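Just so we're clear, the structure is a prediction, and the values are computed from it rather than from any experiment. Values reported hereafter were calculated over all heavy atoms of this structure, with side chains retained and with hydrogens, waters and symmetry mates removed.
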Amino acid sequence: MPSGEAMQGPVRIWRNARLATLAEGAPGLGIVEKGAVAVRDDRIVYAGPEAELPAALKSSAEQIDCEGRWITPGLIDCHTHLVHAGNRANEFEMRLAGATYEEVARAGGGIVSSVKALRAASEDELVRQTLPRLDALIAEGVTTVEVKSGYGLDLENEAKSLRAARRIGKERPVTVRTTFLGAHALPPEANGDKAAYIAKVISEMLPAIAAAGLADAVDGFCEGIAFSTDEIARVFAAAKALGLPVKLHADQLSNLHGAELAAGFDALSADHLEYTDDKGAAAMAGAGTVAVILPGAYYFIRETKKPPVALFRQHGVKMAVATDNNPGTSPLTSLLLTMNMAATLFGMTVDECIAGTTREAARALGLLGETGTLEAGKWADLAVWDIERPAELVYRIGYNPLHRRVWRGK
């Protein structure tokens, strides 16, 4: 019987590179000027100075000369609603012509139109429509993406949405994490009865989704136009009882103390957070809940209240950055542009933006043990860039300097 070592695949080394390892505890981006990354199968076995690369790894290894290019961890988009049907460009046009959100809703727009479109689409059609959006992210070096449901709002269609999300991860070389967002909005047939709908989410939808293994986490929308803290708390208690971690759309349009609610359930992340206060930031820091910053929605709906980035820094809250790709408020499929928005609109630093789309995005998905940094033992998810310095990833607008993307060593 061959030993485990003998059964392992050959080593591939990316050498003559400059590394931004993002290793926890390293200063800044964890830069190694003359670095190398060695990979066996789907895992990193070494990342550091080329001069210290173990001789045992070099013998018979395939070596790739990076010619001084930069290597970062593969990018991670940790908050998307990527699986949806159709688009809402007509509503965008109406708003530009002066229509209010209420007028758009009366004309059949808003989330109700996305629910109607998703319910009418087959699972195959959802996959077909979603793949181009996923391909746009992959083309910019994204190796992991989170995908939420939330446009089905009944068991059949929420499950269909999550199955489609699982499938796109099989059709492309990318890691997909799925999130059940049944508590996103009230479906038309609920006739305004939030209590009855939340009861249905808890007693019918959530157990079935969990039993089918369709969700890696559970999310909710805690807002005046969506669900109260008490309603979300009941959903979260049910999720935790089923062993599923939680995330929250919190404090986007008002301060309902969603950040504190999320922290109280040890949430992986709280997202949006424009109206989060000092108490909310402190609670998140104490719980280790990541703040996911979403500049696309802020920009698209012309919000004026910025998330309290300085407050998060003050309390030591980790910050991730994501596209929030969705048809209504953030039809954004560029994580590079998202980084630029986070810097220009919110004053996040280059280091914060890059960490926010790698290490902290991995943390927001509960995946930091597997990806998000260039360290031995982690998945070999790499992005190789034609840049002179990391700031270019944040500085440029509408330009993609990706040279090569590596997912799980391939």
Side-chain angles (χ1 to χ4, degrees), residues 78-79 81 111 146 148-150 153 158 177 179-186 194-203 205-206 209-210 215-294 297-298 303 305-309 311-312 314-320 322 324 326 329 360-361 363-366:
C78 66
H79 180 130
H81 305 255
I111 194 171
E146 184 258 17
K148 303 179 193 297
S149 63
L153 305 185
E158 287 291 293
R177 298 294 277 188
T179 300
F180 170 58
L181 181 55
H184 188 200
L186 209 54
K194 289 186 181 182
Y197 177 68
I198 288 294
K200 195 173 191 178
V201 168
I202 292 168
S203 64
M205 296 162 71
L206 188 47
I209 294 292
D216 300 305
V218 172
D219 199 344
F221 187 16
C222 184
E223 194 56 71
I225 61 171
F227 298 102
S228 71
T229 52
D230 287 345
E231 288 160 344
I232 295 296
R234 292 201 292 277
V235 172
F236 280 6
K240 298 288 265 190
L242 290 167
L244 287 169
V246 299
K247 306 164 73 65
L248 186 63
H249 287 63
D251 305 340
Q252 180 187 6
L253 305 172
S254 61
N255 185 9
L256 297 186
H257 308 291
E260 289 173 71
L261 171 67
F265 282 91
D266 295 317
L268 289 171
S269 72
D271 306 33
H272 287 291
L273 305 171
E274 279 83 344
Y275 285 80
T276 297
D277 59 16
D278 187 84
K279 200 172 173 187
M284 288 175 65
T289 297
V290 177
V292 179
I293 306 299
L294 303 171
Y298 172 93
E303 181 58 81
K305 177 78 168 170
K306 299 179 182 183
V309 167
L311 204 55
F312 295 143
Q314 179 188 320
H315 285 283
V317 177
K318 305 293 188 182
M319 291 183 285
D324 189 21
N326 75 77
T329 62
E360 304 314 330
R363 196 190 309 273
L365 296 179

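With sequence neighbours left out, Tyr298 forms a ring-ring contact (aromatic ring centres under 6.0 Å, His included) with Phe346.
Once rounded to the nearest 0.5 Å, the distance linking NE2 of His184 with OG of Ser149 reads 9.0 Å. Rounding to the nearest 0.5 Å places OG1 of Thr276 at 8.5 Å from CG of Leu311. For the atom pair CD1 (Ile225) and CG (Leu186), the distance works out to 12.0 Å, reported to the nearest 0.5 Å.
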Can you give the donor-acceptor pairs under 3.5 Å from side chains of residues 230-240 to other protein atoms, not counting sequence neighbours?
{"from": "Glu231", "atom 1": "OE1", "to": "Ser228", "atom 2": "N", "distance (Å)": "2.8"}
{"from": "Glu231", "atom 1": "OE1", "to": "Ser228", "atom 2": "OG", "distance (Å)": "3.3"}
{"from": "Lys240", "atom 1": "NZ", "to": "Phe265", "atom 2": "O", "distance (Å)": "3.0"}

Step-by-step side-chain contact (heavy atoms from CB on, under 4.5 Å) determination, Asp277 to Glu260: CA-CA 9 Å; Asp277 59 16; Glu260 289 173 71; 4.3 Å; yes

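Nearest heavy atoms, Leu244 versus Ala217: CD2-N, 4.3 Å. The two atoms that bring Ala270 and Ala250 nearest to each other are CB-CB, 4.3 Å, heavy atoms only. The nearest pair of heavy atoms linking Phe180 to Met205 is CZ-CB, 3.9 Å. Closest approach of Cys78 and Ala320 over heavy atoms only: SG-CB, 3.9 Å.
The closest donor-acceptor contact from the side chain of Lys247 to the backbone of Ala364 lies under 3.5 Å. Side-chain atoms of His272 never come within 3.5 Å of backbone atoms of Gln252 as a donor-acceptor pair (strictly under, hydrogens ignored). Between the side chain of Glu274 and the main chain of Lys306, no donor-acceptor pair closer than 3.5 Å is present. Side-chain N or O atoms of Thr289 include one that pairs as donor or acceptor with a backbone N or O of Ala267 at under 3.5 Å.
Listed by first then second residue, pairs satisfying salt bridge (Lys or Arg N to Asp or Glu O under 4.0 Å) with a partner in residues 219-228 read Lys148-Asp219, not counting sequence neighbours.
Side chains of His315 and Met284 form no contact here, defined as non-hydrogen atoms less than 4.5 Å apart. Here the side chains of His79 and His249 are in contact, with some heavy-atom distance below 4.5 Å.
The side chain to side chain contact (heavy atoms under 4.5 Å, CB included) with Leu242 is formed by just one residue from the set Ile209, Leu206, Val218; it is Leu206. Results of the side chain to side chain contact (heavy atoms under 4.5 Å, CB included) test with Thr329 over Leu294, Asp324, Ile111 single out Asp324 as the only residue that passes. Of the residues listed (Leu365, Leu273, Asp271, Leu268), the one engaging Val292 in a side chain to side chain contact (heavy atoms under 4.5 Å, CB included) is Asp271, and it is the only one.
Within 6.0 Å of atom NZ in Lys194, more than 12 heavy atoms from other residues, nucleotides or ligands are found, so the atom counts as buried in its surroundings.
Between Phe227 and Tyr197, the ring planes lie parallel to each other; the angle is under 30°, not in the 30° to 60° tilted range.
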